[in-house]
Amino acid sequence: MIAERASRPIAVFDSGLGGLTVAAEIHRRFPGENLLFLADRARVPYASLSISLIARFAAECFDFLLAHDPKALVVACNTVSSVCLEETVARSPVPVLGVVEPTARAAAKATVNGRIGVLATKATVRRQAYDKALSRLRPGVQVFSNGAPLLVPLVEEGWTEGEIPRKVVEHYLTPIRRAGVDTLVLGCTHYEYFKDVLREVMGAEVSIINTPQVTADELGAMLRDRDELQSADHPGTVTIFSTDINEALDIVVRSLFPEPKFPDQITVHSAQIPPHRAESVRCA
Ligand code: DGL
């Protein structure tokens, strides 16, 4: 029974390509696991939508993933984690892990001077998801947040290197750097693709929390506790669904999963997400 449960896939969701960095880290750390990843690229960026629409789109995507009978659902999107994680946990028949809590826990542990920067989507900043989590985890901590709306479209466009992305990153990070933070949270999984530029702009002495890593850690601990971690004896598959497929997706998939262990270990499929009735999803 336990073996049967363990062999079910792990579902990972993001509005776009950001969460694929989390899926890649889970695959690296737990190579025996079968992964399903869904990117709702036809409707990204979510952060510019209303809260109720974000909740509705996310619920539609979760239903798509849950129909594949996963053993856990990882919400690798800070925006959705900030907007409707509680509702998702309440509706889900399997354990749900968002990215805000693991990232905030790591940041609360890492800071020495108690000043933490959060670069996030405007929706996540507005929901004060990190401010709330960090002050609960480490009372008295000071949080300096900034919304960085142009970074998600740049990633979806496949434009993560060169002068323009660097200028955009500098623009959004300058107020955070000037605040004297010693720890930086990337409060959007898309920003992982700008890691090198972010590191250059912030300087080597600032710790940048690695969301894919800390999320994979917590997922591993959760599955281990439930006796549902799959052994690495047989390499698992990675099935990537996207509501829109283009060249940028192929390039990112090839760079994050460069060496498949067998043909068709990593596959990409187009997904059609059936719409919910608007009134069927509520969120606070
Ligand atoms: N990767 C998502 C996040 O972590 C992007 C949000 C969006 O679609 O605006 O927030």
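Indexing begins at 1, ligand by ligand and atom by atom, following the structure's order. Predicted model only: the values in this text are computed from it and were never measured.
Given atom 2 (C) of ligand 1, the protein heavy atom at minimum distance is D14 OD1, 3.3 Å. For atom 9 (O) of ligand 1, the nearest non-hydrogen atom of the protein is A47 N, 2.9 Å. Remark: minimum distance from atom 7 (C) of ligand 1 to any protein heavy atom is reached at Y46 N, 3.3 Å.
Of the inter-residue distances, the one linking F37 atom CZ with I26 atom CD1 reads 10.0 Å to the nearest 0.5 angstrom. With rounding to the nearest 0.5 Å, the separation of CG in L134 from OG1 in T111 is 9.0 Å. Between the CZ atom in R56 and the CD1 atom in I51 there is a gap of 14.0 Å [rounded to 0.5 Å].
When only interatomic distances are considered, the shortest N/O to N/O separation between G19 and ligand 1 does not fall below 3.5 Å. Polar contact check, T124 against ligand 1: no nitrogen or oxygen pair lies under 3.5 Å apart. At a 3.5 angstrom cut-off on N or O pairs, S48 does not count as close to ligand 1.
The pair E87-R91 does not meet the salt-bridge criterion, since no charged nitrogen lies less than 4.0 angstrom from a carboxylate oxygen.
With a heavy-atom cut-off of 4.0 Å, T121 touches ligand 1 through its side chain alone. With a heavy-atom cut-off of 4.0 Å, C188 touches ligand 1 through backbone and side chain alike. With a 4.0 Å heavy-atom cut-off, ligand 1 is reached by the side chain of V44 but not by its N, CA, C or O.
Comparing L49, T79, T21 against atom 10 (O) of ligand 1, the shortest heavy-atom distance belongs to T79.
Residue G16 places every heavy atom at 4.0 Å or more from ligand 1.
The aromatic rings of Y46 and F13 sit tilted, their planes meeting at an angle between 30° and 60°.
With no hydrogens or angles considered, no side-chain donor-acceptor pair links D40 and S15 at under 3.5 Å.
Every atom of ligand 1 with a heavy atom of S15 under 4.0 Å away is listed here by number and element: 2 (C), 5 (C), 6 (C), 7 (C), 8 (O). Every atom of ligand 1 with a heavy atom of N78 under 4.0 Å away is listed here by number and element: 3 (C), 4 (O), 10 (O).
With sequence neighbours excluded, the residues forming a ring pair (Phe, Tyr, Trp, His ring centres under 6.0 Å) with H68 are F64, F241, listed by chain and number.
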task: List the steps, then state whether salt bridge (charged side-chain N to carboxylate O under 4.0 Å, His left out) holds for E170 with K167.
output: CA-CA 5 Å; E170 264 174 6; K167 282 219 154 70; over 6 Å; no
- request: Could you please spell out the steps behind the salt bridge (charged side-chain N to carboxylate O under 4.0 Å, His left out) verdict for E163 and R166?
  value: CA-CA 5 Å; E163 198 191 332; R166 196 199 154 84; over 6 Å; no
